[in-house]
Amino acid sequence: MMEFVEGWLLGHTLGEGAYGEVKLVINKVTREAVAMKMVDLSKHPDARQTVKKESTIHRMLSNPNIIQYFGQRSEKNMEYIFLEYASGGELFDKIEPDVGMPIWEAQKYFTQLISAVEYLHSRGVAHRDLKPENLLLDDKDNLKITDFGLATIYRLHGRERNLDTRCGTLPYVAPEVLERQYKAEPADIWSCGIILVALLAGELPWDQASAECPEYEAWKNGKYMTMTPWKKIDNLSLSFTRKILVHEPMNRFKISDIKKHSWNEKKFKQDGNHVDRDVVDGYRSKRLLIEEEDSLTKICYSQPELIENNIITNTFTSKECPNFSFSQPAHMEDLLLSTQLPTTQPNTQTSQNSFQKLVRRMTRFFVKTGCDLTVQKLMNSLMKDNYNHRMNGGIVTISTVDRRKMPLVFKASIHDMDGRILVDFRLSKGCGLEFKKRFLKIKADLKDIITRGPVPLNDIALSS
C-alpha cells in the first residue's frame, strides 16, 4: 500500500482498458474512494489525444446516470483521470447467461439507460460503445454509463455532423455503422436495443448486424419467431424491441417514441418471478442460486473493441507459487477493511470480521481447500478446457476466444481471508456474457471443493 499523493493511498487494480488500468485511490482520513484511470504514455503514445478528448467530454456532463468526473492529472509519461467509484459493480454481472433478469428489473435499468442517453444526446455527445460492460451500478443499484473512450461530439452550436468511424463492439453496433456514414443518435439507440435483449434473454441476438450474419437476416426479414433469443421474450417486449432494432435508422424508434411506448409505461410485477403473467411459457425464470458468491464489488474499465481487432496475446503456464494475500483496501463502507490502512481515530469497524464488508457479486466463491490445492484444482480445470493461462503475482490470467473468435481475457485471484479461501474471477477484456458462461463452467469443475450453504447473515453485509 503506497501513498499516491499526500493524504491519498493507491489501492488495488479495479479493471483494465485499452491503454491502461483503473485503480482505487483512498483518502486516509475520510476513507473516500475514487476510481483512477491510469494511462501509460510511454507504452501508448497515441493515447494522449484520446485521454484529452475523453476528459473534455466528461467535463461537459453532469447526470445521475453517468459516472461522475472529478478531474485529470498529467505527468511526463502518465495521464490520470479521476472518476466516481461505482460500488455496485457492473450491470453484466446481474445478467444470468441464457436467462437474463426479471422483466421489472430490466425495465428499471433500461429506463435509466435511455434517460442517460437522452441527456448525452442533448449535449451533442454520442457514446458509441454502449454495452453492459460499460454500465456500472452505484450503491443504490442505479445505473451509471462509463467509459467514454470512443465517445465523440457530433453536434456543436446547433450544427450536427454525420460520423464515419467504424468503432464499438460488434454485436452491439448498428448496421449503418458497418456500411457507411451514420447519424449518431440512431446508432446509440440501436445499441440500447441490443442491451435490452441481453437483459431480457441473457444472450445476444447475433454476432453482427450485417448480411453475412444469418441470424440478423432472419430478424430483418421477419423469420425469427422460432429462433432464440426471440422465443424467450414476451409479446409486448418483442413488439417494443422490434421498433428499436429497425434496419433503416430513419425508421428506428427515437427516444421520445421509446418513452411513450406501452412497455416503458407498464408497471411489471415485482413478485419474485422473472416476468409478468403475459410472458410466454417458454421463458426460463429461475435465477442462479447464490450460495457464497457474496463478495467484493469492482469497477471494470471495459476495453472497447475496434471492429477490425481480432488479436489475442499468447500466454503461457507458470509453475510459480504466488504469495496469496488479501491486503489492499477498497471503499471502506462497501468492501473489505484492510489492517494496513492507517486511521487517525479509533474505529470499531476495524475490529469486525472482514466478511462483514463483503457485497454481493456472482463471480466469486469460497472453497474448503487450502491455497496450494485450490491453485492445483483451478489449473487442472483450465488445462482440461485448453485455456491459455499464466500466473503472475498471485493472479491467474486466462486467455481464450469467444464464439465470435474475439479475444476473451479474465483473471482469477485466490485470497486467504481470515483462514477462509476466496476465489475471485473478474473480466479483463471481452464479452461479459461469454465471461459469465466460462466462469460457470469452471465453477462446475470445482464443485467438489466449493463451500456449500449460505454464509451466516451476521457475517455478511449484502449490497442490497
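Since the model is a prediction, treat every value here as computed from it, not as a measurement.
For the atom pair CG of Asp138 and CD of Glu84, the computed distance is 6.5 Å after rounding to the nearest 0.5 Å. Atoms OG and CD1, from Ser115 and Ile258 in turn, are 12.0 Å apart once rounded to the nearest 0.5 Å. Atom CG of Leu83 sits about 6.0 Å away from atom NZ of Lys37, to the nearest 0.5 Å. The distance from the CD1 atom of Ile233 to the CG atom of Leu200 is 5.0 Å, given to the nearest 0.5 Å. Summarising the geometry, atom CG belonging to Asp164 is positioned 5.5 Å from atom CD belonging to Gln181; distances are rounded to the nearest 0.5 Å. Taking CG from Leu143 and CG from Leu137, the interatomic distance works out to 6.0 Å, rounded to the nearest 0.5 Å.
Of all heavy-atom pairs spanning Gln107 and Lys266, the tightest one is NE2-O, 2.7 Å. Between Ser210 and Gln208, the shortest heavy-atom distance links the atoms OG-NE2, 2.8 Å. The heavy-atom pair separating Arg166 from Val177 by the smallest distance is CG-O, 3.4 Å. Of all heavy-atom pairs between Pro249 and Pro186, the closest is CB-CB, 3.7 Å. Considering every non-hydrogen atom in both Leu130 and Ile195, the closest pair reads C-CD1, 3.8 Å. Contact between Ala126 and Asp188 at its shortest, heavy atoms only, is CA-OD2, 3.5 Å.
For Ser62, there are no side chain to side chain donor-acceptor pair (under 3.5 Å) partners two or more places apart in sequence or in a different chain. When the side chain to side chain donor-acceptor pair (under 3.5 Å) test is applied to Arg403, the partners found at least two apart in sequence or on another chain are Asp207, Glu434. For Tyr119, the ring-ring contact (aromatic ring centres under 6.0 Å, His included) criterion is met by no residue, not counting sequence neighbours. Under the rule for a side chain to side chain donor-acceptor pair (under 3.5 Å), the partners of Glu217 that lie at least two apart in sequence or sit in another chain are Lys220. With sequence neighbours excluded, no residue satisfies ring-ring contact (aromatic ring centres under 6.0 Å, His included) with Tyr172.
We find that Lys437 and Asp98 are joined by a salt bridge, their nearest charged nitrogen and carboxylate oxygen being less than 4.0 Å apart. A salt bridge does not link Arg252 with Glu185: every distance from a Lys NZ or Arg NE/NH1/NH2 to an Asp or Glu carboxylate oxygen is 4.0 Å or more.
Side-chain contact between Arg161 and Thr152: present, with at least one pair of heavy atoms (C-beta onward) separated by less than 4.5 Å. Annotation: side chain of Glu54 is not in contact with side chain of Gln72 (no heavy-atom distance under 4.5 Å). Contact annotation: the side chain of Ile81 approaches that of Tyr69 to within less than 4.5 Å [non-hydrogen atoms, C-beta and beyond]. Residues Pro102 and Phe268 have side chains not in contact (no heavy-atom distance under 4.5 Å, counting atoms from C-beta outward). Looking at heavy atoms from C-beta onward, Val173 lies out of side-chain contact with Arg128 at the 4.5 angstrom threshold. Counting heavy atoms from C-beta outward, His127 and Asp129 have side chains that approach closer than 4.5 Å. Put simply, the side chain of Lys267 does not reach to within 4.5 Å of the side chain of Trp104, judged on heavy atoms. You'll find the side chain of Tyr182 stays beyond 4.5 Å of the side chain of Tyr154, heavy atoms only.
The aromatic rings of Tyr224 and Trp219 are tilted relative to each other, their planes meeting at an angle between 30° and 60°. Below 30°, between 30° and 60°, or above 60°: for Phe425 and Phe410 the angle between ring planes is between 30° and 60°, a tilted geometry. Ring geometry, Trp263 versus Phe110: the interplanar angle exceeds 60°, so the pair is classed perpendicular (tilted spans 30 to 60°).
Judged as a salt bridge (charged side-chain N to carboxylate O under 4.0 Å, His left out), the pairs with a partner in residues 109-125 (not counting sequence neighbours) are, in order, Glu118-Lys259.
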Verdict with reasoning, Leu408 to Leu427, per side-chain contact (heavy atoms from CB on, under 4.5 Å): CA-CA 8 Å; Leu408 180 64; Leu427 177 66; 3.9 Å; yes
Working for salt bridge (charged side-chain N to carboxylate O under 4.0 Å, His left out), residues Lys131 and Glu133: CA-CA 5 Å; Lys131 56 184 178 180; Glu133 293 85 345; 5.1 Å; no
Intermediate values then yes/no, side-chain contact (heavy atoms from CB on, under 4.5 Å), Asp46 and Arg48: CA-CA 6 Å; Asp46 58 326; Arg48 188 183 299 274; over 6 Å; no
Stepwise side-chain contact (heavy atoms from CB on, under 4.5 Å) test for Val396 and Leu382: CA-CA 10 Å; Val396 181; Leu382 298 176; 3.9 Å; yes
Step-by-step side-chain contact (heavy atoms from CB on, under 4.5 Å) determination, Leu178 to Leu170: CA-CA 9 Å; Leu178 303 174; Leu170 268 175; 3.9 Å; yes
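Between Asp141 and Tyr109, the side chains place a donor N or O and an acceptor N or O closer than 3.5 Å (distance only, hydrogens not considered).
Without hydrogens or angle criteria, Lys411 side chain to Ser428 main chain gives no donor-acceptor distance under 3.5 Å. In this structure, Thr56 contributes its side chain and Lys52 its backbone to a donor-acceptor pair below 3.5 Å. One N or O on the side chain of Lys232 and one on the backbone of Ala201 form a donor-acceptor pair closer than 3.5 Å. Remark: the backbone N or O of Ala151 is paired with a side-chain donor or acceptor of Lys53 at under 3.5 angstrom.
Cation-pi geometry between Lys243 and Phe240 is not met: the NZ or CZ atom fails to fall both under 6.0 Å from the ring centre and inside 45° of the normal.
The 12-atom threshold is not exceeded at CZ of Arg159, counting heavy atoms of other residues, nucleotides or ligands nearer than 6.0 Å.
Of the residues Lys377, Arg438, Lys384, the one that meets the salt bridge (charged side-chain N to carboxylate O under 4.0 Å, His left out) test with Asp445 is Lys384.
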